[in-house]
Asker: 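Would you mind keeping the following structure in view while I ask a few things?
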Amino acid sequence: MNLVNSMRHKELDDKQKQFDKHYIEMARIWAKNSYCKRRQVGALIVKDKMIISDGYNGTPSGFENICEDETGATKTYVLHAEANAITKVARSNNSSEGATLYVTSSPCMECAKLIIQAGIKRVVFSEKYHTQDGLELLARAGIEISYTEE
């Protein structure tokens, strides 16, 4: 790679890091829409520099907006932010094929499976989930993973 191409590549990398930082900030803001008390997570699906879907963790449509039971445990039917964003894009005329998912927390195993099936090629996150098995599955599927510190 010659010097000019190397400099252009670095400029693109720097620009992508700026985009990543801004989209993660937007996902954090979107997470504030969640009614969950234990943890609020936001997700954005971006393709060709356009947000094509968004989501935050919460109960399914038509359910009460209460994520925890009387003991404080998360209800089993609460959807993760990634699942909400993926199902939302599935109901639209958009395709997540080749898109980037920005999510405030690294994906769990179940969300990783959805990400793979949705054709998402890159995942950027800012907080580590308590298990890393979702990230391991994404890596195994050849999906690019980026950790962006807060």
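Computed over heavy atoms, backbone and side chain alike; hydrogens, waters and symmetry mates excluded.
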Asker: Run the salt-bridge test on Arg28 and Glu25 with the 4.0 Å N-O cut-off and return the result as yes or no.
Answerer: no

Asker: Can you tell me how far the CG atom of Leu137 sits from the CD1 atom of Ile116, to the nearest 0.5 Å?
Answerer: 4.0 Å

Asker: In terms of heavy-atom contacts, does NZ of Lys21 have more than 12 from other residues, nucleotides or ligands at under 6.0 Å?
Answerer: no

Asker: If you measure only the distance, is there a donor-acceptor pair under 3.5 Å linking the side chains of Gln16 and Asp20?
Answerer: yes

Asker: With the 4.5 Å side-chain cut-off for hydrophobic clustering, are Tyr147 and Leu44 part of the same group?
Answerer: no

Asker: Can you list the residues that meet the ring-ring contact (aromatic ring centres under 6.0 Å, His included) rule with Tyr23, with sequence neighbours excluded?
Answerer: Tyr102

Asker: Give every residue pair that meets the disulfide bond (SG atoms under 2.5 Å apart) criterion with at least one member in residues 55-125, sequence neighbours excluded.
Answerer: Cys36-Cys67

Asker: When clusters are formed by joining ILVMFWY residues with side-chain heavy atoms under 4.5 Å apart, either directly or through shared neighbours, do Leu135 and Val41 land in the same one?
Answerer: yes

Asker: With rounding to the nearest 0.5 angstrom, report the CD to CG distance, Glu82 to Asn57.
Answerer: 8.5 Å

Asker: Which distance, rounded to the nearest 0.5 Å, do you find between the CD1 of Ile120 and the CD1 of Ile143?
Answerer: 7.5 Å

Asker: Between Ile29 and Phe19, is there shared hydrophobic-cluster membership here, with clusters defined by ILVMFWY side-chain heavy atoms closer than 4.5 Å?
Answerer: no

Asker: Count the heavy atoms belonging to other residues, nucleotides or ligands that lie under 6.0 Å from CD of Gln132, then report whether that count exceeds 12.
Answerer: yes

Asker: Is the number of heavy atoms from other residues, nucleotides or ligands within 6.0 Å of NZ (Lys128) greater than 12?
Answerer: no

Asker: Which residues pass the salt bridge (charged side-chain N to carboxylate O under 4.0 Å, His left out) test with Lys37, sequence neighbours left out?
Answerer: none

